[in-house]
Amino acid sequence: MRELSRTKVVTKIIPDVDKITPDVFLETFERIVKLKESIGIKAILDNPPDLFERAKLYGIKYGNNSWGWASNIWSRSAKNTVVIERDDELKYEHKLLMLRVLEHILAQGPLIKVDGYVGKPGTKVQMHATIYVDPQFPDLAHRWKQLAFPAPPDEEPDIRVFIIPHYLGNPNIPGTNNMLMVLRFPHYGFTIITTSSYQGEVKKAVLTHWIFHVYKKGCTGEHASLREFTVKTVNGEWERKVLAIWGLTGTGKSTHGLYVWTPKNSKKYIEKFGINPLDYVKDQVIRNDDIVAICEDRVYGSEKGCWTKTEDLTPDQEAMWKAAMSPFALHENTEFDENRNPCFEGKLFQYFGMPNRNSRSVIRLEDTGYFDGEIVSSGPLTTAVFLTPGYFTDYAWIKIVDPAIAAKALADGRTIGHPAQAKEVIGRVRYVARYAQPFTMGVTNTAHVVRFYEMLVKRIEEGNPVEVYMFNTTGRIVAKYEWVEKKLGNKTIVAPEPILVKDERGIPRPLGGTNPTIEETELFLLQAVRGAVEYEPHPVWGERVLVPKNVPGISGERLKQLKPTTYLNMEEFKALLKAQIEESKYWLDKNCPNLPEKIRNAMDFE
């Protein structure tokens, strides 16, 4: 009788593919765990204390005693990701992948379970995340654990992520030739990741849920870094600045978000600009690197550490360099030099025959030397910077006065493709709504944009406006281009495209033009928030957008070089800008449907 009973217990447990729903997936997962445990098979390694030791078996130990691992895919798989917003969107292919994940979990050894809070514990943005990781990838579990705050293992999580970085005979996304790898269910609180072992897939899965979580708390979830400092204004008063910097990967969000002025790098400012930044700034702190919640009262960081791109990192970027070279750093796809130390030059490792341009590191914020243990701002947002690199009509820096134009700039999320986004988009102009298109679910991008716009308007009405800037960091002023026909849906337009030529390393680069250095951009930022910059109206948008006319420390000749109107006559400038706006509206209608007309049309001109 005992043998018959056991046979009955271990009978088929996974339902047929047509019966699988999000609820059934979660229920079946729980049944698999209970079945294994009931007969003495370990199903879950619950927050194991030896994760690091397990991970070391697969890693590289560098000369400075830090560790690194390699992923099988070196960028996020946005085109292989599907978000299921409604039950009627669930297709056979989605169910098949869910079935294959359950089959693998049943057959595989114990999953590694790690619990953590995203958002500062005890605040309104706290979210409990539980990740379940295939036991062959302990490095993924260990590295995510370093980013999250500790959470009780026995507490019911707000969201769960199932990480199975294997090929499971994955189907294609219905109607496409793209393999289905990632499934997100915002309204059921879980994500499934397959195929890819890229750390960013894990991190962004959790943060995508957090963006939806903070929206429900009355905030907007933004792809932005957070830093604070106190500046001496032109009036001689000291003012605290809460600065958020938006940008897609590869545009300088971490470079500028983790930037601090120091006695060492100030020597370069004195030499180049005749200005010592430390005469005007004090009490600098780094709050967060990646995803933040913009609320009316504060800006809330998401993680206690950061996972940052270290491509081309140099000692001049002191805070980030110090943390990335710490023995506590956890690297990914990061090469080594002749001394076995981590190297960020992109000369040794390659990906699809091209030099590596997406080395990454999980770093401890305290290792920057400018982290005081607090990831929440000391007050409301004072300064917003959109990193919007472009090739044609962009100035190095502009100040956006009109909140509708600011909201449209955010909605556009215009950027230039980088290998960390996908190798197919390198060097191309892209529109990635809110710089966060792949990370937005549960509510539309439009909902976040409108809420941010309303915050800006309210602050203007209160007499305490948020200063909004747009920086052209990794673009060109002005690159060589050609007019081409571009098909946008059922419509064909004529638009500019940069002429890209591969450099000696095989990386596509634009021809011609200039762009500001990191130090020039940081000097402009410092002088702008001090109130020391003199502006003139934008040639098309007038007083709604301001162009720097005088920046203390930057010569008039250099400012002239950083203006597109130096190289373009007004007819050509307007034609390029009109084409940009026309293309942007196509992407707005796709990525930000039903955007209010006052925002959608904010950049229009005759």
Side-chain angles (χ1 to χ4, degrees), residues 62 64 66 146-147 223-231 240-247 249-270 272 275-292 299 301-332 334 341-345 359-378 383 385 387 471 473-474 516-526 529:
Y62 296 93
N64 69 343
S66 62
Q146 307 314 302
L147 297 173
H223 191 200
S225 58
L226 177 64
R227 61 191 256 213
E228 280 191 46
F229 47 84
T230 301
V231 295
R240 193 67 175 164
K241 300 297 178 181
V242 175
L243 168 66
I245 301 177
W246 280 253
T249 185
T251 60
K253 177 172 59 62
S254 295
T255 296
H256 293 286
L258 298 177
Y259 195 90
V260 291
W261 295 284
T262 69
K264 182 178 177 181
N265 66 28
S266 288
K267 295 176 183 177
K268 182 178 289 190
Y269 287 82
I270 295 169
K272 288 188 173 184
I275 287 176
N276 184 349
L278 297 182
D279 290 341
Y280 304 104
V281 67
K282 63 181 181 180
D283 301 331
Q284 302 176 78
V285 291
I286 292 167
R287 297 279 187 228
N288 219 88
D289 171 57
D290 196 16
I291 301 289
V292 300
V299 182
S302 55
E303 299 170 315
K304 69 171 185 176
C306 69
W307 179 75
T308 186
K309 189 170 70 63
T310 50
E311 170 203 349
D312 295 333
L313 179 63
T314 69
D316 287 339
Q317 298 157 255
E318 288 187 51
M320 188 155 64
W321 176 268
K322 184 178 178 181
M325 291 302 292
S326 162
F328 297 105
L330 303 171
H331 305 286
E332 181 174 64
T334 299
N341 287 324
C343 180
F344 312 117
E345 296 180 11
S359 58
R360 294 273 179 168
S361 300
V362 170
I363 63 176
R364 304 191 314 174
L365 288 176
E366 55 263 41
D367 288 337
T368 66
Y370 288 86
F371 181 60
D372 61 4
E374 180 59 78
I375 67 167
V376 180
S377 69
S378 61
T383 312
V385 173
L387 301 184
F471 291 174
T473 46
T474 55
T517 65
I518 293 171
E519 291 79 18
E520 286 174 331
T521 292
E522 285 293 324
L523 179 61
F524 169 79
L525 174 64
L526 177 61
V529 297

Here the pair of heavy atoms bringing Asn64 nearest to Ser66 is OD1-OG, 2.7 Å
Quiz item: Do His223 and Asp290 come close enough that some side-chain heavy atom pair is under 4.5 Å?
Solution: yes
For Trp261 and Leu526 the tightest heavy-atom approach is CZ2-CB, 3.8 Å
All heavy atoms of Val529 vs all of Lys241, minimum pair found to be O-CE, 3.5 Å
Just wondering, do Glu374 and Val285 contact through their side chains at under 4.5 Å, heavy atoms?
no
When rounded to the nearest 0.5 Å, the distance separating CG of Leu387 from CZ of Phe471 is 7.5 Å
Distance col, row Arg227:CZ vs Ser377:OG, nearest 0.5 angstrom, shows 14.5 Å
Do side-chain atoms of Thr521 reach the backbone of Ile518 as a donor and acceptor pair under 3.5 angstrom?
no
Residues at least two apart in sequence or cross-chain that pass side-chain hydrogen bond (donor to acceptor under 3.5 Å, both in side chains) with Trp246, listed by chain then number, are Glu222
Taking every heavy atom of Cys306 against every heavy atom of Asp289, the minimum-distance pair comes out as CB-CB, 3.3 Å
The side-chain contact (heavy atoms from CB on, under 4.5 Å) partners of Thr314 (sequence neighbours excluded) come to Asp316, Gln317
Between the CD1 atom in Ile270 and the CD1 atom in Ile275, the distance rounded to the nearest 0.5 Å is 10.0 Å
Taking Thr230's backbone N and O only, do any of them form a donor-acceptor pair with Asp283's side chain (distance below 3.5 Å, no angle check)?
no
So do the side chains of Gln284 and Leu278 get within less than 4.5 Å of each other, counting heavy atoms only? yes
Closest heavy-atom pair, Pro342 versus Thr334, reported as atoms and distance to 0.1 Å, is CB-CG2, 4.2 Å
So NZ of Lys253 and CG of Leu258: to nearest 0.5 Å the spacing works out to 8.5 Å
Should Ser359 and Thr310 be marked as a side-chain hydrogen bond (donor to acceptor under 3.5 Å, both in side chains) after you check the CA-CA gap, both sets of side-chain angles, and the distance that decides it? CA-CA 6 Å; Ser359 58; Thr310 50; 3.0 Å; yes
On a heavy-atom basis, the closest approach of Gly257 and Ser225 is CA-OG, 3.2 Å
Q.
Counting C-beta onward and ignoring hydrogens, is there a side-chain heavy-atom pair between Val299 and Arg287 closer than 4.5 Å?
A. no
So CG of Leu525 and CG of Leu243: to nearest 0.5 Å the spacing works out to 5.5 Å
Hey, what's the ring geometry for His256 with Tyr259, parallel, tilted or perpendicular (30° and 60° as the breaks)?
tilted
Exercise. Glu520 versus Lys272: any side-chain heavy-atom pair under 4.5 Å?
Worked result: no
Given side chains that start at C-beta, do those of Tyr370 and Thr262 come closer than 4.5 Å, heavy atoms only? yes
Using the rule given for side-chain contact (heavy atoms from CB on, under 4.5 Å), can you reason through Ile375 versus Val292, listing the C-alpha separation, both sets of side-chain angles and the distance that settles it, and then say yes or no? CA-CA 9 Å; Ile375 67 167; Val292 300; over 6 Å; no
Salt bridge (charged side-chain N to carboxylate O under 4.0 Å, His left out) pairs touching residues 317-326, sequence neighbours excluded, are none
Next on the checklist: Please check this pair: side chain of Asp367 against backbone of Ala324, looking for a donor-acceptor N/O pair closer than 3.5 Å.
Outcome noted: no
- Task: Kindly determine whether Tyr269 and Glu522 satisfy side-chain contact (heavy atoms from CB on, under 4.5 Å), including the steps that lead there.
- Result: CA-CA 10 Å; Tyr269 287 82; Glu522 285 293 324; 3.3 Å; yes
request  = Determine whether Arg364 and Phe371 make a side-chain contact, defined as any pair of heavy atoms from C-beta on separated by less than 4.5 Å.
outcome  = no
Distance col, row Ile363:CD1 vs Leu147:CG, nearest 0.5 angstrom, shows 10.0 Å
Check whether any side-chain heavy atom of Arg240 sits under 4.5 Å from a side-chain heavy atom of Glu228, and report yes or no.
yes
- Query: Parallel, tilted or perpendicular: which fits the ring planes of His331 and Phe344, with parallel below 30° and perpendicular above 60°?
  - Reply: tilted
